[in-house]
Amino acid sequence: MSKQITAKTITDSEFFYGHKACAGCGGSLAVRIALKVLGEGAISVLPAGCMSAVGFNYPHLCFSNNSIISTFAGTASMLTGVEAGARAVGIKNFKAVGLAGDGGTADIGIQALSGAIDRNDDILYICYDNEAYMNTGIQKSGLTPFGAKTTTTPSGENIHGNIRPKKNLFEIVAAHNIPYAATASIGDLKDFMNKIEKASKIKGTTYIHVVAPCPIGWGIPVNETIEISRKMIDCGLWYLAEYENGQFKLNRTPRKFSSIKDYLLSQGRFKHLEDADIKILAAQRDAKWTTIRKNWNTTEEEL
Amino acid sequence: MTKAFLSGNEAFAEGVRLARPQVISIYPITPQTTVVERLSEMVENSSLKSELIHVESEHSALSCAIGASAMGARTFTATSSQGLLYMAECLHYASGGRFPIVMMNANRSTALPWNIYGDQRDSLSQLDCGWIQVYVEDAQESLDMALQGYHIAESPLVSTPVMVNLDGFVLTHTYETVEIPNQTDADRFLPPFQTKNKMSLDNPKNLAFSVGPDNNMEFKYLQHKAMLDSKRIIEETDKKFAEIFGRGYGGLTQGYRLEDADYILITLGSITGLCREVVDELRQNGEMVGLLKIRFLRPFPDEDLAAALGSVKAIGVLEKDISFGYEGTVYTNVNSVIAKNGLRLETYNFIAGLGGRDISRENIRAMFRHLQTGGQHVNFIGLGVSIDE
Ligand SMILES: Cc1ncc(C[n+]2csc(CCOP(=O)(O)OP(=O)(O)O)c2C)c(N)n1
Ligand code: SF4
Ligand SMILES: [Mg+2]
């Protein structure tokens, strides 16, 4: 990357403004930052989910760039239409960008997303991952991690929250041989901003998966959204990586992980976890990192 | 103008080509598939300049068309049966967002049981989704309604999507001689699409938003009003079409030998041709029978019907549909006109052709006899099992 976008160089213009997201909402920060990087040429498509629910309440419309709500399953298919339509009517210098939740992406919208990548439509798809269906009140999605308590995976004597691991969407997307995919986190905005910038310049389908905690659903104080995002990377439950030219690349290689227990137990959704559960999560993490270190290009940079 | 021997689907594809859609999303389903195959060939041989998008489902086909329409592009897609039902969410989305997409639907039975043959249960089950619905009779009308469809849908007063229905196989796959207009005349009839209901970089918009209880009814009322206003636009469109191409279809309905008719059969789509022949035959025997083809089911031609049925003794509604637990949906709609206008006549419903069952000349004669002798109101035609009356 040549010139890096930083907090100093990013525009003062706001494109997602005056919305009704909760205090400390990670998703709204991800959307805000993405649109600041993309600028007024962004034509955003948001499916049903928290970000459309807080931003499009007639007559209180919060996007100053062109924006449209899609059906829940239809983020990618509508993006395809927007991109083709814009080109067909002669619009230049635009970027069709999807801003969809984890449920809207990994579950109900995965078919349309797969179709768009298969066609290699010239769109940028950003999944803001808050690890549950938040807009409908914290239900389990395919990206809810093992052990998390949601309203449909309650924790009790018999079952300790969600029994299935988080779907690996980044690699599912990469398996399409997409021109560019990346993971990101609002815990590292500089990395996120520059990945958006990079993706927006690449022709064909690009995908960014950004972790964006929801204080309500995660059970954390509203001023700890960024901190928890960083802890998630530090403890190895999330990683910053890219997929490009058929290669995976790890952007940060941690030498040793911070406490997974500390990350988990600082959140309401994991409070019920017992040592045995935490051991399972740690084992899953370690297994993942073993394959990452074996198969991906890694940098020498320390965490 | 040239003449060609085309199936209903191929004729429709020619109409789409002449309409110059900028974005076309395609997905296969019998008996619609040959439409998108022809369109693909046209794009390949450059007789059609469109963005042709191979979507991975019908939900995406319509979602994609909505996205393109929201950018101000003229869009087309086509479907049938299971595909129409699969896109149901997007049907309401397109009409509520007032996106003037034109879609062809090849009328086909819906599973279960699986059946690929023609009946009208697919589109009639979606009557309330806010689309203008027209049912065409032959290949020429198919081609012509592709063009008229855009003219109606894109009228600023209407701005509502149009679904053109072709009876599966009987029309979609039957070959007839068709007049293909030349592009100059087609362009004269259908100017390029222009709308304010779009996103553009000069005038950014937020579209497809939420509207709460305070304003929601107003949006829905305006949607309804646009549909009512479309009746006038439908008539005007047909007149303009007739001026340029020398043929018209009469707007919302088309009557046949209605003068002094005591007994009228109401039809939909391709069965009308055979019914017309039976009317001629019975008229020759001195029977006072006539026929009324409903072309548009939404908006519903209530004024036309009230005017046509004022002094008849009995009518029969022939439809390839049953609303389980009641009667045919078209019949329900027609009866409402009769009740509202205080008309005094007997009404009968003939449920026929489900799952592609043949409707014979003798079946139609029997329907006219039924109108004259009276009897049961809702009748299944050609049923192989006995029904206890
Ligand atoms: C077809 C359909 N099914 C279900 C819903 C209900 N629904 C709306 S938003 C939502 C949750 C969205 O979750 P996610 O995509 O993770 O976004 P978030 O709300 O967490 O930001 C659900 C289930 C819907 N609008 N449409
Ligand atoms: S519920 Fe969570 S994701 Fe939704 S607006 Fe509030 S903080 Fe954001
Ligand atoms: Mg979510």
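FYI, side chains are in, hydrogens and waters are out, and symmetry mates aren't considered; it's all heavy atoms of this structure. To find a chain, count down the sequence lines: A is the first, B the second, and so on, and within it residues start at 1. What you see is a predicted model, and the numbers here were worked out from it, not measured in a lab.
- No part of B:Ala65 comes within reach of chain A, as not one of its non-hydrogen atoms sits under 4.5 angstrom from that chain.
- At a 4.5 Å heavy-atom cutoff, the contact between A:Asn93 and chain B is made by backbone atoms alone.
- Summarising the geometry of A:Ala88 relative to B:Val23, their closest heavy-atom pair is CB-CG2, 4.2 Å, with the distance given to 0.1 Å.
- More than 12 heavy atoms of other residues, nucleotides or ligands shown are found within 6.0 angstrom of CD on B:Glu218.
- Put simply, of B:Ser63, B:Ser60, B:Gly212, B:Ser69, the one with the most heavy-atom pairs under 4.5 Å next to chain A is B:Ser63.
- Most heavy-atom pairs under 4.5 Å with chain B: of the set A:Ala84, A:Ser64, A:Gly41, this distinction falls to A:Ala84.
- One finds the CD1 atom of A:Ile69 at 10.0 Å from the CG atom of B:Leu207 (value rounded to the nearest 0.5 Å).
- Using a 4.5 Å cut-off between heavy atoms, A:Gln111 contacts chain B through both its backbone and its side chain.
- The CD atom of B:Glu51 sits 9.5 Å away from atom CG of A:Asp121, with the distance rounded to the nearest 0.5 Å.
- Rounded to the nearest 0.5 angstrom, A:Asn66 CG and B:Met71 CE are separated by 6.0 Å.
- The distance from the CG atom of B:Asn206 to the CZ atom of A:Phe63 is 7.0 Å, given to the nearest 0.5 Å.
- Of the possible donor and acceptor atoms, none in the side chain of A:Asn57 sits under 3.5 Å from a partner among the backbone N and O of B:Ser210.
- Contact tally against chain B (heavy-atom pairs below 4.5 Å) for A:Thr71, A:Thr80, A:Val89, A:Thr75: the top residue is A:Thr71.
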**Request:** Go through A:Ser114 and B:Glu56 one step at a time and tell me if the side-chain contact (heavy atoms from CB on, under 4.5 Å) criterion holds.
**Result:** CA-CA 8 Å; A:Ser114 176; B:Glu56 80 302 324; over 6 Å; no

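- Using a 4.5 Å cut-off on side-chain heavy atoms (C-beta onward), A:Met78 and B:Ile66 make contact.
- At a 4.5 Å heavy-atom cutoff, the contact between B:Asn203 and chain A is made by backbone atoms alone.
- Taking the six-membered ring where tryptophan is involved, the planes of A:Tyr58 and B:Phe219 are perpendicular, since the angle between them exceeds 60° and thus also 30°.
- Interface residue A:Ile43: only side-chain heavy atoms are found under 4.5 Å from chain B.
- Between A:Ser44 atom OG and B:Met199 atom CE the span is 8.0 Å, to the nearest 0.5 Å.
- Within 6.0 Å of atom CD in A:Glu40, 12 or fewer heavy atoms from other residues, nucleotides or ligands are found, so the atom counts as exposed in its surroundings.
- Chain B forms more heavy-atom pairs under 4.5 Å with one residue of A:Ser67, A:Gly55, A:Gly74 than with any other, namely A:Ser67.
- Highest contact tally toward chain A, considering only B:Ala68, B:Ala73, B:Ala70, is held by B:Ala68 [criterion: heavy-atom pairs under 4.5 Å].
- Both the backbone and the side chain of B:Val55 have a heavy atom closer than 4.5 Å to some heavy atom of chain A.
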